[in-house]
Amino acid sequence: VSFETYLLSRCKIDGAHTLSGYQEHDGYKALRKILTTPLSYADVIEEVKASGLRGRGGAGFPTGLKWSFMPDPEKDPRPRYLAVNADESEPGTCKDRVLMERDPHGLVEGSLIAAYAMRAQAVYIYVRGEYRLAYNRVAAAVEEARAANLVGQNILGTDYSCEVYMHKGAGAYICGEETGLMESLEGKRGHPRPKPPFPAGFGLWGNPTTVNNVESLFNVPFIINRGPNWFRSMGTEASAGNFLCGISGHLERPGVYELPFGLPASEILERFGGGVWKGRALKAWFPGGSSTGLMPADTIDTPMDHDSIKAQGSMFGTGAMIILDETACVVRASEVIARFYDHESCGQCSQCREGTQWLSQIFHRIENGQGTMADIDSLETLAKSMAPGRTICALSDAAAIPTLAVVKHFRAELEAHVNGKGCPQRAPALAEADA
Amino acid sequence: MTDTPNTPELPSALLSEFDRLVQNYPDARAALIPMLHRCQEELGGWISPETMEAVATYLQMEPVEVYGVTSFYPMFRLSPPGKHVVSICHNISCDLRGAQDIVRQVCELTGAKLKGTSPDGKFTVQTVECQGACANAPMFDLDGIYHEDLDAERVEKILGGVE
């Protein structure tokens with residue numbers, strides 16, 4: 001099967017991260033098109049709605065629909081904002097980084113078009129603090145664009161004005177949750193807000209705000225240039241276009257690959273990822289980051305799109321596949337992931353604050369040969385008390401879902417740890433200070 | 001907070017930088033996290049109580065509010081680090097490709113205990129959560145620069161080249 005690629009088309013070209021390099025490859029053509037045709041705000045939202053673009057940050061929510069939730073400025077004169085979620089931190093996910101480091105103007109252009117459609121006066125690009133090169137590249141792109149009258153007052157001599165500001169996070173997974181991100185951007189602890197009210201009604205500083213992922217916005221100039229029908233010609237009916245598939249773990253060629261939605265995961269693993277490493281067999285895989293339920297090897301032919309993965313009881317998430325070979329210990333993997341959610345819980349909701357800690361302790365105990373059969377039942381009881389929808393945000397669900405998946409698909413392996421008083425795979429223990 | 005004669009002061013270069021930074025936001029407090037980053041970069045690699053107090057004064061916040069934010073974010077240090085900081089990712093994709101071996105090797109080579117500083121003060125070694133380098137695992141960040149696709153040989157070479 002051959003397919004068209006566009007997302008990474010400029011990433012391999014030297015100098016494409018500069019304004020001149022970008023402009024040699026259709027750069028800012030879509031922004032010029034909407035401003036000089038001109039396309040109305042409503043037209044831009046309709047184009048994006050018609051394209052079927054779904055958010056690439058994990059939830060898969062339709063982007064155009066999200067934009068349309070912003071209130072009518074005629075009736076609601078408050079300031080309006082676009083916040084760009086560049087706080088990529090779902091374990092396994094490393095795709096937005098590629099776009100920001102190698103093609104930062106694509107993000108700036110997509111953000112300007114989104115801000116135009118939503119009549120937002122300012123864009124805040126919230127980049128996780130560890131992504132120094134990505135931050136510097138996007139910041140340089142914003143400055144170049146400002147100097148070329150593509151950012152700021154009266155862009156390209158039109159009535160459209162929009163400021164773009166860079167903002168650096170400081171390393172908390174929870175700030176990738178959209179209301180946690182807004183709290184953090186306001187200079188507070190990243191404590192997610194109860195919803196409703198939703199960001200479109202009450203966002204940054206209490207004003208209408210939309211939060212979009214980097215890759216989502218990156219798709220927008222392509223949609224404006226080539227049209228919704230072109231976009232819909234790729235991928236599946238319900239998941240249009242291409243996506244960036246980060247694939248990591250036990251495979252020969254880990255990487256970030258641009259693929260249309262709907263390719264079987266097995267084809268992605270074999271054809272792009274070079275297959276499971278060292279000639280070993282597959283044991284299990286995560287379809288879209290550590291928050292999506294672990295799937296057993298016999299599901300590897302599932303097409304990688306939102307509906308197909310959901311039908312298998314997991315989630316597409318960020319499309320970040322993580323591969324576990326036959327020697328891997330799923331209890332050890334669960335221990336590592338549970339430790340992560342325990343570390344990252346913001347502590348507001350008791351189900352999550354306590355639950356993530358318990359899950360972490362129990363997985364650690366089982367992996368280290370001190371677990372009991374009752375512990376396995378506790379994992380299930382605890383996870384069911386943490387999700388779904390029992391807490392302010394989805395971090396609790398993200399810890400609970402993989403736990404339930406492991407108990408469901410790999411109960412025998414948990415029991416083998418309990419009966420054998422330790423890890424049958426003899427996975428090396430975590431360094432003492434790291435457990 | 002009111003100004004008192006004892007309020008610690010920030011260097012004037014930082015203050016003028018902050019004067020510009022707060023213009024980016026309708027509420028100056030939004031500049032807090034970027035300000036703390038700059039303080040950490042310029043003032044010894046950590047956020048001291050004096051720094052928090054000075055930042056609080058600047059933003060007209062209570063110092064305890066600044067402490068609340070500083071302590072929430074893993075990138076901010078509340079104690080002085082060694083001359084160099086090695087942050088090793090120990091999340092799932094790196095763990096599957098041997099992050100624990102990297103942790104042990106880095107501790108051995110630097111003489112630092114995990115989450116501690118070597119006796120000569122040269123290296124602080126810590127583990128961190130996913131850094132977004134999953135397709136090039138395992139990895140560590142050395143003083144703000146990513147080093148990816150690590151193996152024992154590369155680790156030895158990288159750390160051996162640190163002054």
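A note on names: the letters A, B, ... follow the listed sequences, proteins ahead of strands, and every chain is numbered from 1.
For the options A:H343, A:R128, A:E163, heavy-atom pairs under 4.5 Å to chain B are most numerous at A:R128. For the set A:S184, A:G246, A:A333, A:A320, the count of heavy-atom pairs under 4.5 angstrom toward chain B peaks at A:S184. Across A:I247, A:L185, A:L204, the residue that shares the most heavy-atom pairs under 4.5 angstrom with chain B is A:L185. Among the candidates B:L32, B:I33, B:L96, the residue making the largest number of heavy-atom pairs closer than 4.5 Å to chain A is B:L96. Your options are A:I174, A:I337, A:L133, and the one with the most heavy-atom pairs under 4.5 Å with chain B is A:I337. Contact count against chain B (heavy-atom pairs under 4.5 Å) is highest for A:S248 among A:A328, A:C175, A:S248. Taking A:S290, A:G190, A:A122, A:A172 one by one and counting their heavy-atom pairs under 4.5 Å with chain B, the maximum is reached by A:G190.
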Step by step, work out the side chain to side chain contact (heavy atoms under 4.5 Å, CB included) result for A:Y131 and B:Q131. CA-CA 8 Å; A:Y131 275 9; B:Q131 301 285 295; 5.9 Å; no

Please evaluate residues B:R38 and A:K168 with respect to the criterion side chain to side chain contact (heavy atoms under 4.5 Å, CB included), reporting the C-alpha separation (whole Å), side-chain torsions for both, the decisive distance (0.1 Å), and the verdict. CA-CA 11 Å; B:R38 291 294 296 130; A:K168 194 175 279 193; over 6 Å; no

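In terms of heavy-atom proximity, A:G92 sits nearest to B:C130 at N-SG, 3.9 Å. When all heavy atoms of A:C94 and B:A133 are compared, the pair lying nearest together is CB-N, 4.2 Å. When all heavy atoms of B:S71 and A:R189 are compared, the closest pair comes out as OG-NH1, 3.9 Å.
Around OH of B:Y67, the count of heavy atoms belonging to other residues, nucleotides or ligands within 6.0 Å does not exceed 12. Summarising the local packing, NZ of B:K113 is surrounded by 12 or fewer heavy atoms from other residues, nucleotides or ligands at distances under 6.0 Å. Within a 6.0 Å radius of NZ in B:K83, other residues, nucleotides and ligands contribute 12 heavy atoms or fewer.
Neither side chain, A:H250 nor B:R97, offers a donor N or O lying under 3.5 Å from an acceptor on the other.
Distance alone, capped at 3.5 Å, places no donor-acceptor pair between the A:R132 side chain and the B:I145 backbone. Of the possible polar contacts, one joining the B:R29 side chain to the A:G187 backbone as a donor-acceptor pair under 3.5 Å is found.
Between B:E129 and A:E130, the closest side-chain pair of non-hydrogen atoms is not below 4.5 Å. Taking 4.5 Å as the limit, some side-chain heavy atom of A:H167 sits within range of a side-chain heavy atom of B:P34. Counting heavy atoms from C-beta outward, B:Y25 and A:Y124 have side chains that approach closer than 4.5 Å.
With a threshold of 4.5 angstrom between heavy atoms, B:A137 does not approach chain A through any atom at all. Only the side chain of A:R97 comes within less than 4.5 Å of a heavy atom in chain B; its backbone stays farther off. Residue contact with chain B, scored on non-hydrogen atoms closer than 4.5 Å, involves the backbone and the side chain of A:F340 alike. For A:I323, the part lying under 4.5 angstrom from a heavy atom of chain B is the backbone only. Both the backbone and the side chain of B:N24 come within less than 4.5 Å of a heavy atom of chain A. When heavy atoms are compared at a cutoff of 4.5 Å, B:H90 approaches chain A by way of both its backbone and its side chain. Using a 4.5 Å cut-off between heavy atoms, A:Y173 does not touch chain B at all. Interface remark: B:N91 contributes backbone and side-chain atoms alike to the contact with chain A (heavy atom separation under 4.5 Å).
Applying a 4.5 Å heavy-atom cutoff, the residues of residues 77-89 of chain A that approach chain B are A:Y81, A:S89.
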